[in-house]
Structures are given as C-alpha cells and as structure tokens.
Amino acid sequence: AVKEAQKAVSPDPAIAEPKPEEPKEAPPPLVTKKWIVHMKYIFSSNLFPNVGENITFVARVCGESLLKKPTVKWFKGKWMDLASKSGKHLQLKEHYDRNSKPEVDVWEILQKAPPSAYEKIAFQYGITDLRGMLKRLKKMKKEEKKSAAFLRKLDPAYQVEKGHKIKLQIEVANPDAEVKWLKNGQEIHPTGRYIFESVGNKRFLTINNCTLADDAAYTCMIGDEKTVTELFVKEPPVLIVRNLEDQMVMKGERVEFECEVSEEGAQIKWEKDGVELTRDESFKYRFKKDGCKHVLIINDVTKEDCGHYRVKTNGGQSLAELMVQEKQLEVYQNIADLTVKAKDQAVFKCEVSDENVKGIWYKNGVEVKPDARTHITHIGRIHKLTIDEVKPEDEGDYTFVPEGYAFNLSAKLNFLEVKIDFVPRQDPPKIHLDCMGRTAESTILVVAGNKLRLDVPITGDPAPTVVWTKGEKVLTDSDGRVHVESTKGHCIFTIEGAERQDEGVYSVIVRNPAGEDTADINVKVVDVPDPPEAPRILSVGEDSCIVQWDSPLFDGGQPVIGYVLERKKRKSYRWMRLNFDPYKETTYEAKRMIEGVAYEMRVYAVNTIGMSRPSAASQPFVPVAPTSEPTGLCVDDISDTTISLKWRAPERIGSAELEGYGVEYCKEGSDEWIPAFSGLTERTTVIVHDLPTGEKMQFRVRAYNMAGPSLPATLQQAVTIREIMQRPKIWLPRNLRQTLIKKVGEMINLVIPFQGKPRPQVTWTKNDEPLDPKQVSIRNSDTDTILFIRRSERKDSGKYEVQVQIENVEDRASVNIQIVDLPGPPQNLKVIDVWGFNVALEWKPPKDNGNCDITGYTIQKADKKTMEWYNVYEQYRRTNCVVSDLIMGNEYVFRVYAMNMVGLSPEPCLSKDSFTHPLVSRSVIAGYNATLSCSVRGIPKVSTCDLN
C-alpha cells in the first residue's frame, strides 16, 4: 500500500500536481499542499464487482512527515465531491496515525536490486522459498516486445490547463511512415486547433486553446500498430472575488446571499451547515446566475433558516452567517396627554418602526370609528387620531393597539371648560398655569429636534400685552426659529426644532393698565446620548471575544438604559446587530464568530429618547483559540542546581501562529509560580538554572499564541533537585561491534555515547598502549567521546579500547580497526607447459596483501608484435591457469595483477621472455590421425620439410 501511496504523491504532472490552497479572508498560518490522486493509484478490494456487491477503495499516505491530520476528499469524475452523497449506500471513513510506519513492497525492492543482493533481502523480509521467489521475479522481469514501427511511444498520460496548448510527440522507425491520429476512436483532421507536424522521424500533434472537450483518449496509428495516451484538461481554480456577507433579518423576510467568482459559467455549490442545498419543490431556495455573480435566494425565512451558509468552488470557499429575529416593534414617538378647550382640535400622534404595521384606536376600551369630526390616518410609520371641535363627551382615555403585537400606547384627553364670569372692565392680567416653578414635576420636557410649544392661558381686561424672556434676553419673532403669538385668552411661544442650547427657564410677562403678572417655565431639552468611545477588545476565543466600552460623556438628559452592539467582517461594509434589547452592562461577550476571520465592533448608547450615533469601530481583531496544552512533558536530566525538561508541541495549534513556550516552577505546596526565564522560547527543550539544591519543585509549560496561554502541561509529581548517581555505561554503536575497515588516507571519526553521573573519566588505549596524540585526537563531552584520525595509515590498525570510570565503577568497550591498502604484485610468474594452442601459467601470491584477503587475480596476454594487452581472466581465484586460443608461431608475453577489496595491485608480475615450442613425443592410437607441431624462429625465415 505504501508503494501506491508514494505514487499518489508523485510529482508527475499527469497524475498529481501539488498546488497551494487559496487564501481565505485571513491568510492561513501554515502553507499546505493539495494532491489530486488518480484512481489507478488507489487500491480496491474488487475492481469488477457484480451488481449488489460491495466495493472498497483504500488510499494510504505515509503520515510521518505530516504536521497535522490532512483533509481528505473523494471525487467521482473530476469535481463531484462524494462527501455530499454519503449515506446508506456510500460511506467515507478515515484513520489518522502520525507515527504509523510505512509498509514495504518487497517485490519492488527485489526488482530494483542486483541478483547478488537477493539472498540478503529474502533473509531480511522472511522469504524462505528462494526458488519460488526467483520464478516470480523472472515472470515480472519479462521485457515487453519492442515495437517495430515506433522508436518512442506516447507517455501514458498528459495534463494541460484549460486554455493552454499541448504538443504530443512520437518517434517512428521509418521516416517515410504515414501516421494517423485519433481522438476517442475518431480520426482527427488538421484544423486551426489541431496541427500535424513531421520532422525527420518525429511526428507531432499540437492542440491549441485546450477546452474540456479535449479531455479524451488519443491514439497514434501506423498500420496495425498503435500507441495510446490519455489527456487530462485541468480547469484553472475558480476564485471567489467577492465574499458572502453576514445578514440579520426579521422572520418572514427574503434573504439574498450574493458572491462573485473569477470566471463566468463556473460550477459552484451552496451549503448550509455542511449540507448541500438543492432546488426543492417548495421553492424555498432559488439559485440565480448573472455572469460572474451567483445569488442564493431564501424566501420567507424562519428561525430554522439560521446557520452558516457556504459557497464552494474548486479554488476556494466563502462563509457567512444568517441570523433571523422575531419581529420587534420599536416605538419612536409615543402618544401624549392632551388638554384642549371646546371647539379646539385634538391630535393624538405616534410613530413606530415598521411602516407596514396597522393598528386600532380605542376610547375607554371601545374602538373609535371615523366620522365627520373623527379622522384616522396612517402615513408611513406615523399613525394619527384627529378630533375636530372637541366636546366635553370626547374626554377620556385613548389607546392605540398595533396589530399583531401584545402592547399598546395610551394617553388621556382632558377637556378644559372655560367659565366666563362677569368682571369689571379693569381686570389685572393673570397667568393660569399649573406647571410653574423649577421642580422636576413642573419641568417641561422636549425632545431635541421636535417643536417646543408653550400655550399659556391668560386673562385680563383690557387684553394684556405679552413679553417672553430667557434670562435677560427678550425673545421675538426676529430670532428665526422663535414664534410669539397672542390670541384672546392665550399667549403661545413656539421654537421650531428644539436644540440643546434651548434648555433653560423661560419667563412670560403679561401687562395691562390694571397691573402685570409673571410666570417662569422650566424647559428641559432631552436628546439621544452621545456615542460611546471606540470599544476595546479584552480577549478573544475560538469563536468569541469579550468587548468593553465606557459610558457616553453626555447621556442626552435622560439616563442610559442600555447599549446595542454591532459587528462586521473587516473587509465588509455590512454591520450585523448582536442584540435588540438594550444591554445594561459595559462588558459583553460576542459569540458565533468564525475563527481566523478579522472583525470589528461598534456600540450604540440607548436612553428613553432613542439610540445614539454609533461609536467609532474597534481595532480589528481575529477570533482565535489558545492552543492545546503541550504534550509529553518529562525530565530529561537533573543536577544539584539545574533541571533539563523536554516536551512535544501541542496537538492542536489552531489558526494563529504558535509564538513560543513559557516555563514556570514553584516549590511543592506553594501556588506562586515563577517564570524560569523572561519571554518565550521556541524550542521544546530547556535547562532551568539556579534552582535550590534539595528542594522539591514542580514545573509546568504553557504554549502561547495571540489568544494567550494554553492550559499548562505539568509534571505528574514534584522533582527533588539533586543529582542522581548513575553507573557508567558505554553504548557501543552497532556498526562498531564488528571490525571497522577503512582505506589508507580515509578519515576515521568514532562517536561513542555513554552515560554516567557525575561526569565519568574517559581513557583510550590501543593494543594496551597509550595513544599517540600526534596521530589520534580525542574529544570528550558529558554524553559521548570522539576518536578522530584525519588521514589513516596502515599502522593505525589495531584494537582500540575505551574506558569510562566513576570512582571505583567502570565500563569498557573495544573497537577493532583495520586499515587496508592495495596489494603488492604476484611473484614468480612462469610458463609451466605449452601444448597446441595452449599455455599453462603458474605464480605465487604477493608478499603484501594490503592488510586484507586477496580476492582474485587478473591475467592478461599480449602478442609481442603489437604489445596490446587483453584480459584472459578477471577475479580469478587460483594461482595457476591455462591460456587458450593462442596463435601458433606467435610470441606472447603474460602478466598477472593481484586484487583485494581495495582494488588491483599497482604493478603486475610479468612472465619471462617469449618462448618457442620444440617437438614433443606423442603416443597415438593406431588408426587415428596424429599432429606434431613445433614453434621455431630464425633469420632468414626458417623453411620446413616433410619428415616422412
């Protein structure tokens, strides 16, 4: 399986091409890789199942180098994500073990190994049937029959990006051969997109501006022979250019989630809480495309539609949250009590937040019906009840009830009866007010921006003159917003659009010849509060944050009853309200945010008048969770004043980068933790110094990221700070337990680890003699000793012994070193016998074998005429041989080289001068042919004669 897994992450562009993941709104802390694994590199238990049978696909990847659990996706075809199809008939399972060891395909190892290594590999992997193994290998190594028409065939597969071009190439054996190109079995004819080229014995097919229709199997044919390949057209990743926006709506409204992608006609997928959305019969969800824009429409939203909505492409995704609130009607202006005289007009007016809300007016619990004097109007958010020519029977309690809401607005109509008494013509003026003075009960409140109207009843005969003042200033119509009006029995003072500076005490003075009267009216202008200062983010969590703010500097003249908070994504323009009812505290925990996405917060202050303008936005923040606690905390070493600790990284890092680790300690029984050093360390090992000897200490380690410290990893029990006596022990490496062989001139560097406390004394000897410091260097540390020889010589061979000793306790180990060199030449090469076309040679082994065994000899011959040397035998093990196939009458010279594990001897051993061949007595059998031969030489050329 590991064989297939290694292929699955192959860099072959036709099979698996790693590519970086597209960034989301906040860049990821780690760079990850994505591999697309073709199905032919995934194992299946049964690739040809019958209908109704089960089939299982297994893909295994070596997890040793992975930092965290990988995200696994299965696809059918090119981009159909099977996760959305999982259920009763399709199940996806995965298992993650970071420390799993890869399985080994021994047959792949045997195929690549030389035959001399077969026996060793078979022993290593437990193969006992060597004969069966060789038979199987022989079948596996059968070479394919070479093509007579093609010198080079098409590769098994090619990959090209959509819109690019690709060139397919073959080489033919006959330069004049005609080739035919086919696509999915149909012949291709040259066009502007398909171009055929012929250069020598090379043939090319070029496909320009590749589209998804070009994703097919291609065949090149010469006669009956053909070569086939598969072309994969890879679509470029579709990026999300404009992300989804969080939305908060009221129940029953219509919602549109809109995003924009980088390519028109791109295939996207909508999900709600991980479940794919489809167009159902109820038309709950509608999907609309307009070029690069994609819209998800949800009609008549309900509370069940709350959740996270995600849009996915093959190059990225975007997430947004939908929050649905029940309708809550806000009252912007309540109806007020009225006191009117006969024949005057009474107007009850209120304003609510929803202009579509209707309502019913009641008088003393009985519905008010419009008539000639009574008019009911509804314009936008404003509802009015108007009563003309008020009569005493109109007095009572009036109520407005919004339809569909369980509350009402009430006010009282008071009828002012004017009594006309006979008075003398000289009647001093009189002001008739019941709200004079400066007490809270007598203060008239007016909302900033509204009209301030003071209607003061007065009497006097003759009709008095009226003067309005504020402080020392006399108020007249020339002041712009101020209007002063006097009628019979009334003086009216009006200020259009009351402002904060209009607040104060107003005096009205009435005079006539009979006297004067004065009254003070205290007016207070109330307003919405000032906006609070920008909120502060105290802390962040995985999907939440704690935000704090200060009360506004001015409360608008009315106590602040609470606050309303809003949040938005940093790159968005849409603010989403977090609460509808005023929140009374100045610290709030905002939840349901997406980890790793930057947000901003702002606050409104609310009093009985209304809601302030928003505060400035907070500094951007990213919800992140602290990491999990470090794992595997343990004591690595300890002394009288120090301790060495080590641990592993947390299993969960999160979206924020790990900033480092903090180490703390305290005495047993105390809860006062002391930092072991200032700042943080990025290493997972640390030595804590200056600890009190003999004390029991407890230690803990915490991981830090931008969210703060993680939960601590603590030792299971307190540790006593005292060095522990440890017997000396040498850990001789496995490769040094047998003779170490080095060539002359090579470097020797032996690292031998040991243990022991306190630090042991180390002693080296060679053949029971002290080492020569001019030739050998020794370096010792607390945990190992190193023997170093820069250029080894033959004399450095021997038995080296190392001893570690603490007081009377010691441990020893020995290492045998063998320095080898090239051997010397063989000795005494001579010709033993000559017969026919053959020569028998014999020699003796060399005096110097190079400090290792002689593994063989190389025998060479040379004709004395040319003196060109030819090998007769290589790696020949005996010290005698027979040289055959010589030419009768020629003179030969022979030489022999000795060979050991280092190589051939620098010099050969040569035979003596060339030889002649005299006649030799022969015994033959009657009736058989016999040949007598000899080798002679002479000047001038020797002639021969028939001996018969």
Side-chain angles (χ1 to χ4, degrees), residues 29-32 60-71 94-102 541-542 595 624-691 695-726 729 731 733 753-757 781-784:
L30 297 174
V31 176
T32 62
R60 293 177 181 159
V61 179
C62 178
E64 186 176 358
S65 61
L66 300 179
L67 299 178
K68 62 180 181 180
K69 181 179 178 181
T71 301
E94 58 184 80
H95 172 70
Y96 173 66
D97 184 1
R98 181 174 178 177
N99 299 318
S100 62
K101 295 184 178 180
E542 182 176 3
E595 184 178 9
V624 292
T627 69
S628 59
E629 67 274 10
T631 58
L633 176 63
C634 62
V635 177
D636 191 33
D637 197 6
I638 192 170
S639 70
D640 287 341
T641 58
T642 65
I643 188 171
S644 176
L645 303 173
K646 64 179 181 180
W647 61 90
R648 295 191 300 273
E651 292 183 354
R652 182 181 58 79
I653 301 296
S655 61
E657 182 179 358
L658 182 65
E659 296 176 358
Y661 302 94
V663 181
E664 298 173 313
Y665 64 87
C666 73
K667 293 184 180 180
E668 187 180 31
S670 172
D671 57 357
E672 182 181 355
W673 290 94
I674 303 171
F677 47 82
S678 60
L680 303 176
T681 178
E682 295 181 356
R683 302 176 60 187
T684 55
T685 60
V686 71
I687 298 177
V688 183
H689 298 274
D690 302 326
L691 297 174
E695 285 284 354
K696 279 194 171 183
M697 308 292 290
Q698 183 59 273
F699 296 85
R700 71 182 186 185
V701 179
R702 296 192 290 183
Y704 286 78
N705 63 4
M706 65 182 298
S710 69
L711 294 175
T714 309
L715 291 177
Q716 294 182 353
Q717 58 186 10
V719 180
T720 303
I721 307 302
R722 181 179 291 111
E723 189 166 40
I724 302 172
M725 176 66 181
Q726 188 179 35
K729 175 68 176 177
W731 302 100
F754 60 79
Q755 69 180 28
K757 291 185 179 179
S781 70
D782 292 339
T783 57
D784 58 31

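We number each residue from 1, following the sequence as shown.
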dist Leu691:CG -> Phe699:CZ (nearest 0.5 Å) comes out at 5.0 Å
How long is the gap from OG on Ser670 to NZ on Lys696, to the nearest 0.5 Å? 15.5 Å
From Ile638 CD1 over to Ile721 CD1, what is the distance, rounded to the nearest 0.5 angstrom? 4.5 Å
Where do Ile643 and Val719 come nearest, in terms of heavy atoms and distance? CD1-CG1, 4.0 Å
Which heavy atom of Cys666 sits nearest to which heavy atom of Glu672, and what is that distance? CB-O, 3.1 Å
Please determine whether side-chain contact (heavy atoms from CB on, under 4.5 Å) holds for the pair Thr685 and Asp636, giving the CA-CA distance in whole Å, both sets of side-chain angles, and the decisive distance to 0.1 Å. CA-CA 9 Å; Thr685 60; Asp636 191 33; 5.9 Å; no
Heavy atoms of Ala713 and Pro630 approach each other most closely as CB-O, 3.2 Å
Polar side-chain atom of Arg652 near backbone of Pro626 as donor-acceptor pair, under 3.5 Å: yes
So which heavy atom on Tyr704 is nearest to which on Pro709, and how close? CE2-CB, 3.5 Å
Could you give the distance from OG1 (Thr627) to CG (Asn705), rounded to the nearest 0.5 Å? 5.5 Å
What's the verdict on side-chain contact (heavy atoms from CB on, under 4.5 Å) for Lys667 and Met697, showing C-alpha distance, side-chain angles and the deciding distance? CA-CA 5 Å; Lys667 293 184 180 180; Met697 308 292 290; 3.8 Å; yes
Are any side-chain N or O atoms of Thr720 and backbone N or O atoms of Arg722, one a donor and one an acceptor, separated by less than 3.5 Å? no
Can you tell me how far CZ of Phe754 sits from CG of Asp784, rounded to the nearest 0.5 angstrom? 6.5 Å
Under 3.5 Å, side chain of Ser710 to main-chain N/O of Ala703, donor-acceptor pair present? yes
For a 4.5 angstrom cut-off between non-hydrogen side-chain atoms, does Val686 reach Trp647? yes
Can you see which heavy atom on Gln698 is nearest to which on Leu715, and at what distance? OE1-CB, 3.2 Å
Looking only at heavy atoms, what is the nearest atom pair of Arg700 and Trp673, with distance? NH1-NE1, 3.4 Å
The test is side-chain contact (heavy atoms from CB on, under 4.5 Å); show your working for Tyr665 and Leu645 and say whether it passes. CA-CA 12 Å; Tyr665 64 87; Leu645 303 173; over 6 Å; no
State, with a plain yes or no, whether a side-chain heavy atom of Cys634 is found less than 4.5 Å away from one of Lys646. yes
Are the side chains of Pro753 and Pro733 in contact, using a 4.5 Å heavy-atom criterion? yes
